[in-house]
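All remarks here apply to the structure that follows.
Chain naming here is simple, since letters A, B, ... match the order of the sequence lines and numbering starts at 1 in each.
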Protein chains: 2
Amino acid sequence: MEKQSVTIYTVAREARVSMATVSRVVNGNPNVKPETRQKVLDVIKQLNYRPNAVARGLASKKTTTVGVVIPDITDPYFAELALGIDDVASMYKYNIILTNSDSDDEKILKVVRNLLAKQVDGIIFMGHDVSDELKNELASTNTPVVVAGSVVNDDSLPSVRIDYQAAAKEATAFLLKRGAEQVAYITGPLQYSINSGDRLSGYKNALADGNKDFDDSLVIETDGSYQAGYAKAKEIIEKEIKAAYVTDDSLAAGLLNGLTDAGIKVPDDFELVSSNDTKYTKLVRPMITSITQPLYDIGAISMRLLTKLMDGDDSNDDEKNVILDHGFVERQSTRK
Amino acid sequence: MEKQSVTIYTVAREARVSMATVSRVVNGNPNVKPETRQKVLDVIKQLNYRPNAVARGLASKKTTTVGVVIPDITDPYFAELALGIDDVASMYKYNIILTNSDSDDEKILKVVRNLLAKQVDGIIFMGHDVSDELKNELASTNTPVVVAGSVVNDDSLPSVRIDYQAAAKEATAFLLKRGAEQVAYITGPLQYSINSGDRLSGYKNALADGNKDFDDSLVIETDGSYQAGYAKAKEIIEKEIKAAYVTDDSLAAGLLNGLTDAGIKVPDDFELVSSNDTKYTKLVRPMITSITQPLYDIGAISMRLLTKLMDGDDSNDDEKNVILDHGFVERQSTRK
DNA sequence: GTGAAAGCGCTAACAT
DNA sequence: ATGTTAGCGCTTTCAC
């Protein structure tokens, strides 16, 4: 049984050099004579030495670990962002501490505190808004934070995302353009500023451009889940709504299936446009027409931005809000 | 700006006690006079002291962090396991370092080494098999490992899962029982022992019980992805196959959609049973008849088991392979 | 009930 | 190019 006790000191002793030299070769410091380096390398291999990242973290004050807070890992939207985050993180030799937040402010605060206690070098925040307490928490530290795939009610945080307002406007306008008398706005919690602000504004703008009055009863709020969407089918049918812009794919998929199962033909009897272009939009039948977002890239670029911030690159403060291009893809949930 | 420099020493000085005492109150050690405790607590609050988990980890040799290796975070099967893992981990005050492995042996080895360097207290392994090198790596350490949601070609590792062989047999038998002349076995990589071993055996057993000859040409291997399933529809149609047991939900969903898009009616012209009961089976139409697994629980119990192993509870060595009950749910991809 | 002091394994000046 | 020596912030005997 291999004892866990081979440290930098052991290696130094065996190789007849100092700990500093071992440290140098381990860290790729060029100031080591090739022969010495080789000798140390040999001993390292022979002893199967593995540097202790915790000790290193304590001494260097860098853990090469970043915290990622995610509302729900099983949500395809966040999972695809997370994939991009993880890939870039591993590219830059960072590890990810991933924690589910359940979109619960209490829990978010708890996990962020915990992340900070673990001395993460940075944090990627996926979620909808930040509470005042969290804002304070974040302000009291100089750990960089990047918001990925959302806008948050605190413009002080760097973020990577698309222009949700413009996208929502286009989606709504698309529906209007093909003759919809009225277009509903079916949304996740309006408590989130992305839903009550950006997207709703875009929706209203499109209405205005199309000379339609905004009708409050057409704003249908849910918790944003598949189940909620499925359940809302009934209300949609009763209200005789014929078209809707939906703020989330899970929600849209649920609504679509609910409608279909209730005998409504999409897109003939009902037209639907969703927001995120996750796998769900292509999994269901009919496939859902949607705003497209470079999900993986949003995650990847968030992480890339975070690495810069962690390196103390505070240049171009204006570039801290990265707005990526979005698109739109016509599929089967809208008429030709 | 809050300086990052309030340490246990600062608190000790302010509270006029020793570092040891501060450590005691922080760690809930009862050997502290209530008044002293209160005084320390006050100072902690006042100074907004936060213990440094890295230093703690170095001193105590426990990081309260576990590594989780996952093939693909966007796969609903693994994502649901991960949710269970994360919930229980946070329940036991552990954090999760999550790393995508892409099911690539090289990368798996790399991430496991990294996890070990970070001194994780344990590892949850999701994946299909372990390479010899990984096996050695794991053997050279005493960090406990639990395999979640799979069987692995190394029985020495504790695991939490269902009886894949029995489940596959039931699924195949179900298809046979309703008159299928032949049932195909559509699978992810046969390189994985779960596919070439457990499930295939179950499939063959069902065939034998139904007095059907095993036909090699009915074993259709893919990479297990949605895309692969979608693409295989053509072959299924050409071979005039009428029923299949599929080893993975993404694969099954792809196949189903491919078939449907090609004009094949499921279940009238083709019957399909899948294996994992993830969200995908309920998202598509027709919904997919499937073996059911307590996905969340598998993750949760894996993590629970790991906590026991990390606590050095090596009792009942026989209980280290936890086999959970599975079920079966008839949905719309099979005839009534 | 409380304190003193020795590490934990490494990095980072600073010397040489 | 290499070695010496302080720490990093905490836990943990061991005394008292």
Salt bridge (Lys or Arg N to Asp or Glu O under 4.0 Å) against B:D87, all qualifying residues, sequence neighbours excluded: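 B:D87 satisfies salt bridge (Lys or Arg N to Asp or Glu O under 4.0 Å) with no other residue.
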
Which residues pass the salt bridge (Lys or Arg N to Asp or Glu O under 4.0 Å) test with A:K62, not counting sequence neighbours?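 Checked A:K62 against salt bridge (Lys or Arg N to Asp or Glu O under 4.0 Å); matches are A:D121.
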
Please give the angle, rounded to 10 degrees, between the axes at the start and the end of the helix from C:dG1-D:dC16 to C:dT16-D:dA1, where five pairs define each axis.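 It works out to 30° between the end axes.
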
Those residues that, when tested against [X], pass side-chain contact (heavy atoms from CB on, under 4.5 Å) (two or more places apart):
| X | answer |
| --- | --- |
| B:S23 | B:I8, B:N27 |
| A:P158 | A:V146, A:L305, A:L309, A:K320 |
| A:R16 | none |
| B:A55 | A:L58, B:N52 |

Given D:dT2, C:dG3, D:dG9, identify the nucleotide with an atom nearest to the side chain of B:S18. C:dG3

side-chain hydrogen bond (donor to acceptor under 3.5 Å, both in side chains): pairs with one or both residues in residues 29-38 of chain A, sequence neighbours excluded: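 As it turns out, the side-chain hydrogen bond (donor to acceptor under 3.5 Å, both in side chains) pairs with a partner in residues 29-38 of chain A, which skip direct neighbours, are A:Q38-A:D42.
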
Would you please confirm or rule out a distance under 4.0 Å between OP1 or OP2 of D:dG9 and any side-chain N or O of A:K61?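 Answer is yes, contact under 4.0 Å.
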
Who passes ring pair (Phe, Tyr, Trp, His ring centres under 6.0 Å) against A:Y296, sequence neighbours left out?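 Listed in chain order: nothing, the list is empty.
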
Contacts under 3.5 angstrom, residues 108-117 of chain A side chains, donor-acceptor by atom type, not counting sequence neighbours:
| unit_1 | atom_1 | unit_2 | atom_2 | d |
| --- | --- | --- | --- | --- |
| A:R113 | NE | A:E137 | OE1 | 3.0 |
| A:R113 | NH2 | A:E137 | OE1 | 3.2 |
| A:N114 | OD1 | B:N95 | ND2 | 3.0 |

So, A:S193 and A:N153: side-chain donor and acceptor under 3.5 Å apart, yes or no?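 Their side chains do not contain a donor-acceptor pair, so the 3.5 Å distance test is not met.
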
Interface residues of residues 28-43 of chain A with DNA chain C (non-hydrogen, below 4.0 angstrom): none

Pick out which of B:V147, B:I123, B:V151 makes a side-chain contact (heavy atoms from CB on, under 4.5 Å) with B:L157. B:V147

In this structure, how many angstroms lie between the [atom2] atom of [N] and the [atom1] atom of [X], rounded?
| X | N | atom1 | atom2 | result |
| --- | --- | --- | --- | --- |
| A:K118 | D:dC10 | NZ | C1' | 15 Å |
| B:I44 | D:dC10 | CD1 | C1' | 13 Å |
| B:K62 | D:dT12 | NZ | P | 10 Å |

Classify every nucleotide of nucleotides 10-16 of chain C by which part a protein heavy atom approaches to under 4.0 Å, writing B for the base, S for the sugar-phosphate alone and - for neither, in 5'-to-3' order. BBB----

Identify whether any heavy atom of B:V17 sits under 4.0 Å from a base atom; if not, whether one sits that close to sugar-phosphate; answer base, sugar-phosphate or nothing. sugar-phosphate

